[in-house]
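This report refers to the structure that appears directly beneath it.
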Amino acid sequence: MDEAVGPLSLATGITLRVARSGVLTTAVPTLVLVHGWSQDLRTWDRVVRDLRRAGVTSEIVRYDHRGHGGSESGGQHASTIGRAADDLAALLRDHVEGPVVLAGHSMGGMTLMALAERHPDLVRDRVRGAGFVATASDDMAELTLGLPGRRGAFVAHGERAVMPFLASLGNRAPVTRADPEGSGTHARSIALAPLVKALVFGRHPRRADVLSVAEQTFAADPVAVLAFRNSIGEHRRTSSLESLHGVPTVVLVGSNDRLCPVDHAHTIAAALPDAELVVLPGAGHMITFERSQEVAAHLQGLVEAASVTTPVVGKEASLVQ
């Protein structure tokens, strides 16, 4: 199924790269997919493919956060999870019709929580399902990779030292993101691949998937990436999940996730007593790649549960400029 991809200017004053495909109807909610930190809409490539193979023809919208992929960067001071939630709210209000099912991976899930915090009326009126994929609602100030004691403290200290340095590289040699899927970053992606594989994948990942994650990292603005990392450290939104009580919800996590370990998923599920918690054995943080079929199946279930039974003639979705 063809996908329309292009720039979309939002009421928040930012221009995002947005992709949409499928048939828009009033009978089936639009599925909106929100990617994670330092990645872009390619995070969802395998999931979208598997949804289409499973016969899902309804509208799917995905986009790059500000400062990621092919989207405009808001710079250091405008790259926060709260501003990302405002972008999502503007996208939904002005460019997506009818009810929606939202799914967020990693920082994308945090963005959904910030949306519930900052735009509760929008969530109440429009959101008919939510998927939290490898994400967290709190306790993300320090990255320990799940290591205990001194080893975890060493990792956290190293991250605090390395991230500002990486951001400074962006000031001296900014990444050109006009063609985020171009070949210019391929050599660097190969060099980064072993670290990516160790940090965010579980057992036996596909080489193409590891390279895709690395390429997405190089397509992001380093200054925005650092600012978003700081915002992730300040992310404390467990209480905002109250706005989703009664909304069909699934919480997905890999058992080997080092960035958002299983205990984070349990915290989210505990705040949403009716949520379905799914732990995928052996999978790491990038379960949208590693276990795309399972992720797609659960999102398909949310869409079907939120769909009305009366058939309505639809129209082919197109990018709204």
Donor-acceptor under 3.5 Å (R52 side chain, V56 main chain): yes

Please check this pair: side chain of H245 against backbone of A271, looking for a donor-acceptor N/O pair closer than 3.5 Å. yes

Considering only distance and modelled atom types, tabulate donor-acceptor pairs under 3.5 Å from the side chains of residues 273-285, sequence neighbours left out.
residue : atom : partner : partner atom : Å
H285    : ND1  : D257    : OD1          : 3.1
H285    : ND1  : D257    : OD2          : 2.9
H285    : NE2  : S106    : OG           : 3.0

Could you walk me through whether T238 and S137 pass the side chain to side chain donor-acceptor pair (under 3.5 Å) check? CA-CA 5 Å; T238 303; S137 61; 2.8 Å; yes

Short side-chain to backbone donor-acceptor contact, D64 and G70, under 3.5 Å: yes

Heavy-atom check, side chain of L112 versus side chain of L88, under 4.5 Å: yes

Where T15 and S9 come nearest, the two heavy atoms and their spacing: OG1-OG, 3.2 Å

Using modelled atom types and a 3.5 Å cut-off, is there a donor and acceptor pairing between side-chain atoms of R258 and backbone atoms of A198? yes

For F201, enumerate each residue passing the ring pair (Phe, Tyr, Trp, His ring centres under 6.0 Å) test, keeping only those at least two apart in sequence or located in another chain. none

Nearest heavy-atom approach of E97 to R126 is C-NH2, 3.8 Å

Sorted by chain and residue number, the side chain to side chain donor-acceptor pair (under 3.5 Å) partners of R128 (sequence neighbours excluded) come out as none

Go through it in stages, so that I can follow the logic: the residues are E59 and S21, the test is side chain to side chain donor-acceptor pair (under 3.5 Å), and I'd like the CA-CA distance, side-chain angles, deciding distance and then a yes or no. CA-CA 6 Å; E59 186 178 42; S21 64; over 6 Å; no

Start with the C-alpha gap between V253 and I287, add the side-chain angles, then the distance that decides, and say whether side-chain contact (heavy atoms from CB on, under 4.5 Å) holds. CA-CA 7 Å; V253 65; I287 55 177; 5.7 Å; no

After noting the C-alpha distance and the side-chain angles of L244 and L272, does the key distance pass the side-chain contact (heavy atoms from CB on, under 4.5 Å) rule? CA-CA 8 Å; L244 290 167; L272 295 167; 4.0 Å; yes

Between E117 (side chain) and R237 (backbone), is there a donor-acceptor pair under 3.5 Å? no

